[in-house]
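Small disclaimer: the values here were computed from a predicted structure and weren't measured. Here is how names work: the chains are called A, B, and so on, in the same order as the sequence lines, proteins then strands, and each is numbered from 1.
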Protein chains: 2
Amino acid sequence: MAGVALEHAILVSLLEQPGSGYELARRFDRSIGRFWTATHQQIYRVLKRMETDAWVTAEEIDQDGRPDKRRYSVATPGRAALTTWLREPVQPETVRHELAVKIRGAAFDDAAGRAALISEVERYRADHETTLSRYLAGEQRDFPDAAELDDGQRLQHVVLRGGIDYERMVLAWLDDVLDTLHNLSR
Amino acid sequence: MAGVALEHAILVSLLEQPGSGYELARRFDRSIGRFWTATHQQIYRVLKRMETDAWVTAEEIDQDGRPDKRRYSVATPGRAALTTWLREPVQPETVRHELAVKIRGAAFDDAAGRAALISEVERYRADHETTLSRYLAGEQRDFPDAAELDDGQRLQHVVLRGGIDYERMVLAWLDDVLDTLHNLSR
DNA sequence: TCATGCTATGAAACTAGTTGCATATCAACT
DNA sequence: AGTTGATATGCAACTAGTTTCATAGCATGA
């Protein structure tokens, strides 16, 4: 039970704003995706289980000009399950940093492989540059006046600042990586 | 094929130093674990598959005072597979940041829940403080003189610096989180 | 002698997550 | 009329990862 967290990420997202599986999938590509990734298939499957367990309730919405959708809201048992989970210890993070593996692996590749890695790091760096810009734009848009925020917004803001800090750290480190790769002896 | 990376993390680790499944598991708790986590069961299973595929070869080692072990080394097909993988594009990271979910979830919990979260963040912070100390001690031990390093060591060092940067960023952010949690209105 | 603990490997069952495919509505453009 | 693209949901098969349990050698200390 402890580690099963997609349910809980969905509960938080639905408490912030009820929505359909499709909308959740888009949020997981945007804001929630900063700290929890999930595909739409996984989201639909988990939503179905959560509905069976009465953690959420669904409401059929007829839409003009679009297919119907099912809007989910958090029910009392779901909210209780979230509270229980919130008070459990945070599990140690499981890190999967593929680029770090490739950097150490570069010791066992030739000059062509290292050149390829440098290009790849540059592309990767550009992606993170884009992500940082997106976060900063989102911060301007959603949290323009720090004094005017309610508690929920303050908590969302501090998580966003974590994303911004992370991206800045990554960019600085990637510069260090590029410098190291350019200055290898062979 | 692209995302299957535990094999490749194992290949890098075995190229840096041949070893048994048990030794690999310990490395994955230590140095490699900085950027790729894995349990011993997963490592044993993957090693078996890699042996079947002739990516690695095993050698039975009789040990005095300890159970026998199987020392694995990377074979030519494994090295070729690593080279192929190294030149593939880096997959986007899949982020799973449970603490961030709990922080946003705190908006839907009461004062007691927030107090529990503050304690949890403090404990989490202490863990990261320990991790940073361990990294810094490892840096002193393994890379005392930056001018004397060969390419493999330089690459290992830049990855370790990434870990150090990450831990420092996390600690600063956790201070921000604690400050935010202490200053919520209700 | 017995308990504890580290070394060392592994099976079996389960849970989580990914990939590929399928279906359907409707808008906008060609 | 046909294509493209966004919205919207879902199944089936597969792959990856976790958890629980089991086994065994040998050292150390109570």
Interatomic distance where [atom1] belongs to [X] and [atom2] belongs to [N] [whole Å]:
{"X": "A/E51", "N": "D/dG10", "atom1": "CD", "atom2": "C1'", "answer": "14 Å"}
{"X": "A/L47", "N": "D/dA8", "atom1": "CG", "atom2": "P", "answer": "14 Å"}
{"X": "A/Q63", "N": "D/dT9", "atom1": "CD", "atom2": "C1'", "answer": "13 Å"}
{"X": "A/Q91", "N": "D/dT19", "atom1": "CD", "atom2": "C1'", "answer": "12 Å"}

side-chain hydrogen bond (donor to acceptor under 3.5 Å, both in side chains) involving A/Q41 - partner list, sequence neighbours excluded: none
Touch class at under 4.0 angstrom, heavy-atom based, for B/R71 against every strand present: nothing
Donor-acceptor contact present, side-chain A/E120 to main-chain B/V90, <3.5 Å: yes
Residue closer to the 5' end of DNA chain C, B/Y44 versus A/P67 (nearest nucleotide): B/Y44
Upstream residue (5' side of DNA chain C) when B/K69 and A/A38 are each assigned their closest nucleotide: B/K69
B/D151 versus A/S185, side-chain donor and acceptor atoms under 3.5 Å: yes
Pair listing, ring-ring contact (aromatic ring centres under 6.0 Å, His included) test, anchored in residues 137-161 of chain B, at least two apart: B/F143-B/H157
Cationic N near anionic O, under 4.0 Å, B/R71 to B/E23: no
Salt bridge B/R161-B/D165, side-chain N to carboxylate O under 4.0 Å: no
For A/Y124, all residues meeting ring-ring contact (aromatic ring centres under 6.0 Å, His included), sequence neighbours excluded: A/H128
Closest to side chain of A/R45, choosing from D/dC11, C/dG17, C/dT7: C/dG17
Closest to side chain of B/R49, choosing from D/dT7, D/dA16, D/dG10: D/dA16
End-to-end axis angle, where each axis spans five pairs of the helix from C/dT1-D/dA30 to C/dT30-D/dA1, to 10°: 10°
Residue-level proximity of residues 9-30 of chain B to DNA chain C when a heavy atom falls under 4.0 Å: B/S20, B/G21, B/Y22, B/R26
Donor-acceptor pair present, B/Q41 side chain and D/dT20 base, under 3.5 Å: yes
Fellow cluster residues of A/Y44, listed by chain then number, with links counted only when side-chain atoms sit under 4.5 Å apart: A/Y22
